Structures are given as C-alpha cells and as structure tokens.
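Keep in mind that what you see is a predicted model, and the values were worked out from it rather than measured. So you know, we letter chains A, B, ... as the sequences are listed, proteins then strands, and number each from 1.
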Amino acid sequence: MSLVLGKDWVFYAFDGGIWKPYVCARSGNFNLNTGTIETTAPGNGLWASYVATRHDFSAQIDGVISLNVGGSLSKAELDALQIAKTKLLCRFEMTSQAADTYRREAYFIITNSTDTGSFDGVATFQLSLLGTGALTTVFTPPTPNNGEVFRYPAAGSTAPAADGDYTATIPGAAGKIILSVVKAGIERNNIILAGTPVDQEVLAQDSGADKLLTFPQPFEGWDTWYALYQNA
Amino acid sequence: MPYGLKYTTQFDSEPDDNNPAYHYTLEFLFKDYAGPVASVAGGSTTVLQHCSEENPLAPIKGQSLDITLINPGNLAITNFYADNDNDIQIRLLKGLDVVFIGFLVQDDCNEIKVDYEHEIQLSATDSLGLLKDVPFNNAPASYDLLYTSLETITTTAPHTLQTDLGFGAAVEVGDRIRIIGTAQAGDYTVSGWVISGVHYDFTVLEPIGTMGSTVTTIGLLRSNLSSRITILSVIKRCMSATSLQLLTNIFCNLREARQTVTESHFAQTIIDPDTFRNGDVYKSCYEVLSEIMATWECQLQQANGQWNIVHWYEIRIFGGVIAGFVYDQDWALIGTTAFANIFNIAPNIPPVQPPTCPIFPLTESILRPFKFTRKQFNYQQPKYLLKNYDLQTLGPLLRTYVSGGVTVNEYIATGWTSGQGSPLVERFIRVDIDTATGTELRRYLVTKNAGDQSFGVRGTAVEVTAGDKIKFSFTFRTTSSQAGNINYTFIVQLTNGVLIRYVDELPVGNGDWKPTFGFTYNIPSGDNSDQWHTVEIESSQVPFDGLLYVFLPQATFSPNSVKETWIRDIRLEVTTFINDSAKVIGHYHLDNRTNDIKNNLDEEIFIDDTPRNTIGGTLFMPTFTNLIQDRTIGWVYGAASGPKKLGNLTVAEILTYRDKMRSKLEGGFIGIQQTYPISLLTLLQTSFNPTKYYIFGLLTIDYKRNVFNGTLWEIWDTVEPALAADYTFNYIYSTS
C-alpha cells in the first residue's frame with residue numbers, strides 16, 4: 001500500500017527564493033471544486049444532466065503560533081504577506097509510505113487569518129487561502145502491482161554465485177519488493193533495506209537499475225540461490 | 001479620421017466536449033490616436049452582449065456590450081471619456097473575426113471611487129439606438145460634397161467662420177462648410193452670414209474654436225434631399241450616422257415584378273425624401289429606417305461585424321435558406337450570399353454532450369394567432385409637393401442693406417429660378433429684419449425688370465394624373481400704383497411632352513383645360529394693384545397624365561429696376577380623383593380568417609404602392625412614361641410570377657405567421673459556436689420540437705462562459721398548413 005500519513009501532507013510557500021513550510025503546522029486541507037450547470041431538457045427523461053464548467057480551489061492550514069523558526073513562515077510573516085496582498089506560490093505535497101509523491105502547486109491569496117489564544121493552552125492560528133489561476137499537479141503513478149510474483153532467476157535456473165561472495169545481484173530489479181531469498185536451500189524472508197544483515201537477514205538495496213542482495217554469510221562454492229519479488 | 005488601438009483586453013472561453021477554448025480580444029480604438037497599446041485586465045465577465053428588443057420581428061434590433069475592466073490604479077474611467085459619440089470605437093474579435101463593432105456610450109460608464117483595485121463598468125452600442133437623435137436631413141450622407149478649394153479662413157469661437165467673397169458667394173443657408181486639416185477640422189452647418197468687407201462671416205450651428213488666418217482646403221456640402229432617391233440611398237444616408245462602415249447583407253428577395261433579380265429591390269425602388277418629413281422637420285434616422293423596414297417586413301441588425309437586413313418571412317417561402325445580396329462599405333453591390341445559419345439544439349445525454357444544449361430550466365409558452373391583419377395607408381400630399389412654396393429655402397445672398405431701421409436681405413429664389421421668355425424677369429426672395437431686434441418682419445418673392453409678365457417665374461414640376469383637380473393660389477401686389485380696371489393672365493400649365501393645356505378662369509371654381517392660356521384675373525375699377533390681392537385658380541379634372549407647372553407673375557406694367565411685384569402665400573393643392581371619387585383619403589389591405597379569435601394586427605403604414613405620384617410615401621420605379629415617373633404596381637418573391645400588391649403580400653406573410661399558435665422558448669443554452677457563432681442572424685432548431693425553427697427576441701451572449709440566453713420565437717413550422725384567408729383591398733373615403 002502507498003498510504004500517506006497525515007504528517008507527510010505538507011504545505012510550502014515560495015518566499016524569499018526558497019520553499020518554506022509554515023510553523024508550527026498542525027493540520028491542513030485543500031479543496032478543489034468544479035462548477036456545474038444543469039442541462040436537463042426534454043429527452044433526458046427522469047434523469048438530470050449536467051456539464052462541468054470551471055474549477056476553483058482553496059485551502060486552509062492550521063498551526064500553533066511560533067514566532068521564530070528559521071527557514072519557515074511564522075504567523076507574523078504570513079500576516080505581512082496577507083496585508084501586502086501578495087499572490088503566494090504554494091505547494092501542497094504528500095508523500096506515501098512507498099515514497100510516491102503527489103504535488104499540487106498554484107498561486108493563492110490569503111483571504112482570512114484567525115488567531116486564538118486560550119489561557120489553558122498554546123496559541124493557535126488558522127489561515128484560509130483562495131487559489132487564483134491554474135492548478136499544476138505533479139504525480140507519476142507507480143507501476144500497478146497486480147500481485148504477480150517474479151522469480152530470479154527463472155524457474156529451473158540458478159543464479160551464479162562465486163565462492164566467498166557476500167552479495168548477489170538481481171538485474172533490473174531496482175525498486176522492486178524482495179519477498180524472500182532462498183540461499184543454499186534455506187529461505188530467508190527477513191529482508192532489510194538498510195544496515196548490516198545478521199543471522200537470516202538479507203539486505204536488499206538498489207544499485208543502479210539492479211537490486212543488490214547482501215548476506216551475512218558468504219557463498220560457498222556449491223551454494224545456489226534465487227529470489228522472489230514483486231513490483232512495488 | 002483613422003482610429004488607433006489604445007487599449008486591449010483578452011480572454012479565453014471555457015471549453016467543453018465540442019468546443020475548444022476560443023480566444024477573444026476586446027479592442028478600444030480612439031480616434032486620431034497613434035500611441036502605444038496598453039493591455040488591461042478584464043473582469044470576471046469581461047463582456048456581455050445584449051439585445052433587449054423582445055419583438056423577434058422588430059424593424060430594428062440594436063445591441064449593446066456591457067464591459068467590465070479592472071482598474072489597478074492607473075485606468076480610471078476618465079480614460080474613456082470623449083466628447084463625441086464616435087470617438088472611441090469598440091471591437092470584439094473571436095480569433096481574427098469581428099463579432100461586434102460599435103462605439104463606447106459615455107452615459108452608461110461608471111466606477112466606484114476607491115484607492116484599491118476595482119472594476120469599472122463600460123457600455124458600448126452598435127449605434128442603431130443613437131439614430132433616434134439624428135434627424136434624417138442631418139445624417140452625414142444627406143449631403144453631397146460639391147467641391148473643395150484652397151482658401152484662407154479665420155474662425156472665431158463660438159460660432160463664426162470667415163471665408164473670402166469668392167467661396168462665400170456660392171453658399172446657401174443650410175449648406176455645410178467642411179474644414180479639412182487644422183485644429184478646427186470638421187463640418188459646420190451655415191445658419192446665416194454677414195458680409196464684412198471682402199469676407200463672409202458665416203454663423204455656424206456647431207461650436208467652433210478660435211483660429212487665426214489659415215490657408216487650408218475647405219469644401220462645400222449641400223443637402224441632397226431635394227429630389228427622389230432610391231430606398232437604398234435612404235438606408236445609406238441613415239446608416240452613415242452610425243459612423244460604422246460595414247458590409248451589408250440584404251436577405252430579401254421581394255421585388256417589383258419589373259425589377260431585376262440581380263440586385264436588391266432597395267436599389268431599384270425610388271421614393272421622395274419628403275416622405276420622411278414630420279411637419280417642418282425631418283423624422284429621425286431611426287424612424288426612417290423603421291418605416292422602411294416595416295414596409296417590407298424586414299429587420300435591420302448587426303451580426304458578426306456586418307449589417308444585415310433580413311426578411312424573416314422568406315424562411316418558409318424558400319425552405320430555410322434565404323438568398324441575399326452583399327453590399328460593401330460604400331453600399332455598392334459586390335456579390336451574393338445565402339443565409340443558412342442554423343443552430344441545432346439537443347439535450348445533454350452523456351457520454352456525449354451536443355454542441356448546444358439547454359440549461360435547466362427551459363420554459364415554453366404560446367403566442368396566440370391572429371384573426372386578421374390590416375394595414376392602413378392614409379393619403380397625404382407631401383409638404384413640398386411644390387418646392388419652396390413657403391419661400392423658406394434661401395439661395396445665396398445677393399445683397400443686403402439697411403433701410404429705415406430694417407435690414408433687407410435678398411436671396412436667390414430657390415425653386416423659382418426657371419421660367420419662359422428672354423430675358424427672364426428678375427426674381428429673388430426678400431427677407432426684412434428689424435435691425436434692432438433681429439425679428440423677421442416679412443418675407444416675399446420679388447419680381448421686377450423686363451421679362452414675360454405671365455410666364456416669367458416658374459415653379460418646379462408636379463406630376464399629376466388624369467382626373468386630379470388643381471387648386472393654386474397666391475397673393476400679390478405691385479409697389480407702383482396701377483389703378484383698375486386691370487386684367488392679368490396667370491398661368492397653370494399641364495404638359496405630357498406632346499400636349500399643352502392651361503387652366504381657364506371659367507367655369508368659376510372648375511376651370512377648363514384649354515390649349516390657349518390662361519386664367520384671367522381682374523382688378524376692378526376703384527381698386528389698385530398696389531393693394532394685396534389673392535388669386536385662387538381652381539381647375540376641372542386634369543385631362544391627361546403630365547407635368548404641372550405654376551407660374552408667378554410680373555404684375556407691373558412698364559417694369560424697371562424700381563417697380564416691383566411682391567408675391568407671398570403661395571399654395572398648391574392637388575385633389576386626387578381615385579376610384580371615380582374625389583373623396584378617397586387612403587386605402588387598406590386586409591387578410592381575414594373565419595376563426596373565432598379575438599386577436600389581430602391593425603397598423604398604419606407610411607410607404608406603399610399608391611394610385612398617384614402626388615401622394616406622400618408613394619413607391620416609384622426608376623423609369624418614366626410620358627414624363628411621369630412610373631409607380632410600383634405588383635411585387636413577387638425572387639423569380640416567381642403572379643405579381644400582387646406589396647400590402648397584399650405583407651399582410652399575408654404576417655397572417656401566415658400568426659395563422660396558428662406559435663411556440664416561444666425562454667432560457668439559457670451552453671455552446672455558442674456551431675458552423676457559425678450565435679447571433680441575431682441565427683435560426684434555431686431543437687430536437688424536441690424538430691419541425692419548428694426559432695429566431696431570437698431577447699438575446700444575451702456570454703462569450704467567456706460559452707453561454708447564451710434569451711427568448712426564442714417560432715418563425716416557421718415545416719408542417720404548418722397553408723393560410724386560408726380572404727384578402728381585401730379597399731379605399732377609405734372621407735366622410736365630409
């Protein structure tokens with residue numbers, strides 16, 4: 001699954017030549033709306049029909065007020081941008097657990113800001129932004145994972161391994177998910193992505209276009225191996 | 001004067017399944033501007049085009065643009081202020097094609113007064129509505145440029161223009177002097193003048209600034225409304241007041257049966273401009289155009305940057321396609337065209353959206369039929385059947401002098417310049433003005449010096465028809481004492497180029513037409529010719545069609561440069577004898593059905609086929625028979641045969657249209673572009689009323705949102721029955 005956690009839904013504003021987050025971010029929402037006109041007429045029968053017209057979008061970000069965090073936008077700086085009627089280039093970026101990213105960029109006008117202070121907690125603020133102009137989206141859909149499991153090498157074959165090698169390579173498997181590796185007849189499905197493998201672990205890392213497998217024990221001359229993997 | 005682009009704003013329309021985004025440009029062109037072009041931001045709805053005339057068959061359908069721009073701080077509405085109605089031209093283009101062209105209207109522009117960015121509202125029209133304030137005789141093309149010459153002129157604010165004697169001597173009151181170049185360039189209407197030394201100081205109606213002695217080219221323009229002209233010429237003159245020179249398409253194939261099919265009947269039908277008088281003044285150009293369009297049931301409108309004259313009733317006659325004639329900006333025929341701008345409207349049933357679909361809710365209502373249509377034409381004699389009978393049209397000033405507290409001005413007697421005999425008796429119009437108050441004291445025509453006493457001064461020809469009766473009267477006196485008993489011979493002459501007849505004094509009140517002249521008038525003993533005498537010459541019925549001439553006398557015996565004859569109160573009345581009656585005062589066309597319907601059309605018309613040339617509003621052919629101009633008689637559609645009276649055809653057209661209940665749709669639609677863009681020149685067909693075709697009453701076009709709304713009126717149903725009605729033509733008789 002390529003879930004996006006709430007903490008990985010991030011707002012940036014382009015200010016002073018760099019992308020800055022706001023502080024201290026708590027939550028946010030982005031609303032994309034498409035207008036419609038009803039076109040129900042004789043011939044449609046009992047069913048209404050519509051045409052889509054134009055799009056508009058807005059956003060709202062909530063935060064805890066912090067006034068001095070370098071490289072980010074504080075409430076004071078956000079207020080100054082609003083008062084200056086600055087058209088702010090903003091980016092809403094979300095990153096999934098599988099490292100897929102989806103980014104939306106557009107110009108916004110800050111239309112509303114509200115600060116709240118309560119004696120029993122920290123001061124918070126809420127900012128409303130209205131999109132102006134076109135919305136740009138950047139997303140590369142991952143290769144669909146239909147559950148197919150691949151074997152390297154193909155069934156009936158064995159992969160080469162040199163005596164004393166600690167590593168093996170799956171050509172063209174960069175980005176794939178290693179399900180398990182069978183070495184010398186022993187299945188190892190404790191696949192780690194970083195660090196030093198121990199015991200029955202196998203370290204699987206991308207190496208260019210290939211997948212490099214690292215074992216805690218070296219191959220012995222008669223060892224064979226194969227790996228099972230899936231598309232991400 | 002050239003227009004220069006000063007401001008421009010652009011927007012793209014919203015695309016849909018069938019239409020890409022179209023690029024629109026709204027241009028603001030300022031007269032005599034030659035600077036940089038500024039791009040300005042438009043509002044959320046930059047431009048809305050409106051037609052607010054509900055009647056789908058109105059003679060004139062003007063349109064306007066509502067424009068919204070953004071003032072970021074440096075585009076105040078004062079940037080769009082102008083003194084003249086044609087100073088700022090507006091053009092809306094779709095791509096490179098002109099969709100609308102007109103002028104900014106200052107009255108309807110406004111903006112809020114604030115320091116921050118805000119919208120400003122502007123309005124433009126196609127100038128048709130502004131024609132309501134332009135008298136027909138003031139339209140620019142109602143004047144002919146006689147000549148131009150290089151002259152030394154001086155101008156003094158607010159209303160004085162000075163020329164030298166050579167140029168000034170040819171000017172008549174009512175003429176226009178055109179200054180070409182200089183800061184005072186423009187046309188100025190002459191209302192009077194004073195000769196001072198070697199100059200004419202003209203008083204002009206239009207404001208003029210002060211300019212010292214300057215050598216420049218000036219021109220003399222004179223009103224060309226003194227003779228019969230084509231209907232097309234009338235239309236051209238009225239449209240010249242819009243200041244828009246556009247191509248014109250005439251989608252009307254009605255023609256008088258003797259006219260050619262290769263040109264519009266408007267160019268082949270003649271009318272007297274006096275038809276468009278309203279008492280002493282001319283009707284507005286708007287009224288004139290309305291009367292012309294109503295005569296042939298046509299409609300004048302602008303669509304796609306061109307003028308269009310559409311005879312919508314021909315839709316059913318020619319099965320949805322109306323052939324047309326194309327005229328260029330100078331109203332010269334340049335080709336033919338055909339109207340086929342049909343829009344198809346269908347419901348939006350996914351997955352495919354049609355090019356044009358209705359917006360919910362679309363409502364339908366009904367237009368009730370008529371029981372009858374009736375058009376009545378009332379006969380009236382044109383005011384100036386006898387040109388300048390009232391001596392109000394003054395020719396060039398001959399001389400002016402002051403005598404006993406009276407300023408005496410003497411002018412060429414326009415309309416009374418011909419006669420018989422050699423030399424012609426001297427004649428002029430004298431106007432006496434109280435020198436102190438400027439009040440006119442008296443005005444009369446003067447004859448003096450040697451010349452034919454009876455035939456010396458002749459009026460303009462009047463076309464009369466056999467059976468008509470003539471009543472001619474005038475009042476005269478001599479300045480010299482001539483005691484009665486005096487017999488004068490006054491002349492009222494009729495000729496057809498072969499025969500000549502003169503009205504005799506007998507029988508009294510019904511004078512015979514004799515080959516010898518003329519009407520004997522006696523001043524009895526005890527009376528004197530130096531007293532005012534009124535002469536009334538009444539004829540019997542005119543014996544043949546021909547030209548009637550009336551003559552004014554030189555009533556002084558032994559005439560010289562001192563003894564004068566004064567003549568005033570000249571009147572000519574022609575009593576037409578129609579249908580064996582002298583009591584006919586009009587006619588009507590009636591198409592009537594037998595249905596029990598309490599709805600009808602009963603209206604007056606002002607232009608028609610008539611039985612006499614002397615009736616105001618008569619339509620003529622360009623041809624003559626025995627000196628008399630031929631009148632129109634019967635009309636047909638295109639190449640068809642079987643001519644009928646024009647009124648017969650038009651009442652039948654209207655009643656055919658209102659022969660059954662007609663559908664009216666009201667609502668909005670998405671999709672303003674099919675083969676052609678939506679406009680007033682669009683015929684609409686719906687999939688849910690597939691046999692019916694509609695035209696617009698109200699129309700609003702939102703180009704940005706690809707939406708239009710308005711009222712659609714059924715004009716033709718392909719399965720409608722033929723009209724079953726009885727046509728009647730009848731004369732109207734006076735009850736007195």
Peer 1: Checking Ile359(B) against chain A: side chain, backbone, both or neither under 4.5 Å from a heavy atom?
Peer 2: both

Peer 1: Enumerate, by atom name, each donor-acceptor pair separated by under 3.5 Å where one atom lies in chain A and the other in chain B.
Peer 2:
| residue | atom | partner | partner atom | Å |
| --- | --- | --- | --- | --- |
| Glu38(A) | O | Phe360(B) | N | 2.7 |
| Thr39(A) | OG1 | Asn348(B) | ND2 | 2.8 |
| Asn44(A) | ND2 | Asn348(B) | O | 2.8 |
| Ser49(A) | OG | Asn348(B) | O | 3.1 |
| Tyr50(A) | O | Asn348(B) | ND2 | 3.1 |

Peer 1: Restricting to non-hydrogen atoms, name the atom on Pro347(B) and the atom on Gly43(A) that form the minimum distance, rounded to 0.1 Å.
Peer 2: CG-CA, 4.0 Å

Peer 1: Answer yes or no: does atom OH of Tyr102(A) have more than 12 heavy-atom neighbours from other residues, nucleotides or ligands under 6.0 Å?
Peer 2: yes

Peer 1: Any chance CD1 of Ile18(A) has more than 12 other-residue heavy atoms, nucleotides or ligands included, within less than 6.0 Å?
Peer 2: yes

Peer 1: Could you work out, with ring-ring contact (aromatic ring centres under 6.0 Å, His included) as the rule, every residue matching Tyr152(A), not counting sequence neighbours?
Peer 2: Trp225(A)

Peer 1: Could you tell me which residues satisfy ring-ring contact (aromatic ring centres under 6.0 Å, His included) with Phe696(B), sequence neighbours excluded, listed by chain and number?
Peer 2: Phe708(B)

Peer 1: Please list all pairs passing the salt bridge (charged side-chain N to carboxylate O under 4.0 Å, His left out) test where one or both residues lie in residues 13-23 of chain A, with sequence neighbours left out.
Peer 2: Asp15(A)-Lys20(A)

